[in-house]
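Beneath this line is the structure, given in structure tokens, with notes to follow.
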Amino acid sequence: MIRLGLCCTFRDEPIKFRVATAASLGKLPRPEALTKLSALGMANADALLAALRFCHANGIGCFRVNSQILPLRTHPTVGYSMDELPSGAEVVRRFEEAGAFAREHGLRTCFHPDQFVVLNSRRPDVVEASIRELEYQAEVAEWIGADVINVHGGGAFGDKKASLDEFARALDRLSPGARGRLTVENDDRTYAPADLLPICHSAGIPLVYDAHHHRCNPDGLTVEEATGRAIATWDREPLFHLSSPIEGWDGPRPERHHDFIDLGDFPDCWRALDLTVEVEAKAKEAAVLRLKEALLRR
DNA sequence: AGCGGTCAAGTTGAT
DNA sequence: ATCAACTTGACCGCT
């Protein structure tokens, strides 16, 4: 069975996640900033439950949680811990409630930290900030039962092998909760599946195989080969990514995402697998539902 | 109330 | 040297 995943936001459904800017919060006295952040976290926990309800009602089996679900949580100046929030305990309780709903209905949840998370950066402060961010997402993942926190390989810095060794070293600095959820995804410029598979095996982290990125950044492996090798890195249901190019594969920027998925981009060899496929398409839930229909009609 | 400029963060490669 | 790409739309502060 293919389980389709929705990424973070909705196009038509009126479910919104709130954010705030560091600049505006920084101007407020600390207690007022914390009150605002508390209210945003509360609203986002409730929005997450609404998102999961929508997914369940519409046959969408996986939901990716926005990195900003707790806005500015790890920001160097306006960042905060849950104990500092006036309603921190209630915010956590509502996240756990969302997690209970997901568990009850067999929904999978996951995280995909932003490009700023670079575990192999040459700058120690960047690695520090990356680890802080991963620990925060792991904390929320624990509340809601998410099993994947998916990152890219980071920079190459002129030497992919050395940079992947650096990546592996940073893994050792993660808590068990973050380390146990961490996965790595092939990207569209630097690290292809063949680059990552060795570290996936040596470090024991699953490969999130992105078929679109693979086509933008090939490595000699076929889709079938990459699929098989990626699956071998998972000790649970594998999770892959899919998107279609905005103006076709011959367009000027094939790495950009289209609003919807072209069924021709859905690998035939995925059809019969037990697999989560996250749909990276700008039309969001509309794209997931359209793909679901297309797969049923085949 | 409506509008436009601005948002925490890194790295790469196209122009 | 700058800029867009990586889920981008929401928020803020001005009129």
Side-chain angles (χ1 to χ4, degrees), chain A residues 5-28 32-33 36-37 39-40 43-44 47 51 62-80 110-134 136-137 150-160 163-164 166-167 170 185-192 195 208 210 212-213 216-217 241-247 251-261 278-288:
Chain A
L6 170 62
C7 298
C8 308
T9 59
F10 294 81
R11 186 188 73 169
D12 303 323
E13 199 59 21
I15 297 172
K16 303 283 182 202
F17 293 93
R18 310 276 315 276
V19 293
T21 63
S24 75
L25 284 175
K27 288 180 196 157
L28 300 176
E32 284 177 39
K36 180 158 186 183
L37 288 162
L40 293 178
N44 286 349
C62 177
F63 185 70
R64 182 194 297 175
V65 180
N66 187 336
S67 296
Q68 286 266 47
I69 189 93
L70 290 176
L72 300 165
R73 171 74 173 70
T74 66
H75 187 277
T77 57
V78 303
Y80 52 95
C110 61
F111 289 80
H112 192 8
D114 292 313
Q115 60 273 28
F116 315 108
V117 170
V118 181
L119 285 173
N120 60 7
S121 175
R122 296 291 137 109
R123 291 172 43 195
D125 57 310
V126 171
V127 179
E128 289 298 323
S130 298
I131 291 173
R132 275 214 317 284
E133 181 71 16
L134 291 173
Y136 139 59
Q137 297 198 16
N150 177 44
V151 300
H152 288 290
F157 311 105
D159 186 345
K160 282 194 205 178
S163 298
L164 286 175
E166 204 55 39
F167 182 95
E185 175 191 351
N186 61 301
D187 64 75
D188 61 0
R189 324 155 124 36
T190 308
Y191 293 107
D195 296 317
V208 170
D210 186 314
H212 183 182
H213 288 164
C216 295
N217 183 15
H241 286 183
L242 186 67
S243 42
S244 285
I246 191 165
E247 294 167 275
R253 294 176 304 274
E255 67 281 358
R256 298 200 57 194
H257 292 169
H258 193 91
D259 286 1
F260 292 94
I261 302 296
E278 285 196 86
V279 176
E280 295 189 325
K282 293 192 286 181
K284 296 296 169 186
E285 81 280 18
V288 180

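Lettering of chains follows the sequences in order, A, B, ..., and the numbering in each one begins at 1.
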How would DNA chain C look in dot-bracket form, 5' to 3', counting Watson-Crick and G-U wobble pairs with both distances under 3.5 Å and writing | for bases paired to another strand?
||||||..|||||||
Using a cut-off of strictly less than 4.0 Å, decide whether A/Arg18 has a side-chain nitrogen or oxygen near OP1 or OP2 of C/dC11.
yes
Roughly how far apart, to the nearest Å, are B/dA1 and C/dT8 at atom P?
31 Å
Of A/Cys8 and A/Ala23, the one whose nearest nucleotide on DNA chain C sits closer to the 5' end is A/Cys8
Measure from the side-chain N and O atoms of A/Asn120 to the backbone N and O of A/Gly153, and report whether any donor-acceptor pair falls under 3.5 Å.
yes
Candidate nucleotides C/dC12, C/dA5, B/dG10, ranked by approach to the side chain of A/Ala20 - the nearest:
C/dC12
With a cut-off of less than 4.0 Å, is there a side-chain N or O of A/Arg123 near OP1 or OP2 of B/dG10?
yes
Please tell me which of A/Lys27 and A/Thr9 maps to the more 5' nucleotide of DNA chain C, matching each residue to the nucleotide holding its nearest heavy atom.
A/Thr9
Is there a side-chain polar atom (N or O) of A/Lys36 under 4.0 Å from OP1 or OP2 of C/dC12?
yes
Taking the side chain as everything from C-beta on, heavy atoms only, tell me whether A/Phe157 gets closer than 4.5 Å to A/Asp159.
no
In whole Å, what is the span from the OH atom of A/Tyr191 to the P atom of B/dG13?
11 Å
For atom CG of A/Asn217 and atom C1' of C/dC6, their distance in whole Å
14 Å
Measure from the side chain of A/Lys282, starting at C-beta and using heavy atoms only, and say which of B/dT12, B/dA8, C/dT8 lies closest.
C/dT8
Stacked pair A/Phe116-B/dA9, distance under 5.5 Å, angle under 30°
yes
d(CG, A/Asn120; P, B/dT11) in whole Å
8 Å
Between C/dC12 and B/dA8, how far apart are the two P atoms, rounded to whole Å?
10 Å
Side chain A/Ser130, main chain A/Val118, donor-acceptor under 3.5 Å:
yes
Between the CZ atom in A/Arg73 and the CD atom in A/Gln68, the distance rounded to the nearest 0.5 Å is 12.5 Å
Ignoring backbone atoms, establish whether A/Lys284 has a side-chain N or O less than 4.0 Å from OP1 or OP2 of C/dT7.
no
To the nearest 0.5 Å, tell me how far A/Leu6 CG sits from A/Glu285 CD.
6.5 Å
May I ask you to decide if the ring planes of A/Phe10 and A/Phe63 are parallel, tilted or perpendicular, using 30° and 60° as cut-offs?
parallel
Between B/dT12 atom P and A/Gln115 atom CD, what is the distance in whole Å?
13 Å
Contact between A/Cys7 and A/His241 at the side-chain level, heavy atoms closer than 4.5 Å - yes or no?
no
With a cut-off of less than 4.0 Å, is there a side-chain N or O of A/Ser24 near OP1 or OP2 of C/dC12?
yes
OP1 or OP2 of B/dA9 sitting under 4.0 Å from any side-chain N/O of A/Ser130?
no
Rounded to whole Å, CD of A/Gln137 lies from P of B/dA9 at a distance of 17 Å
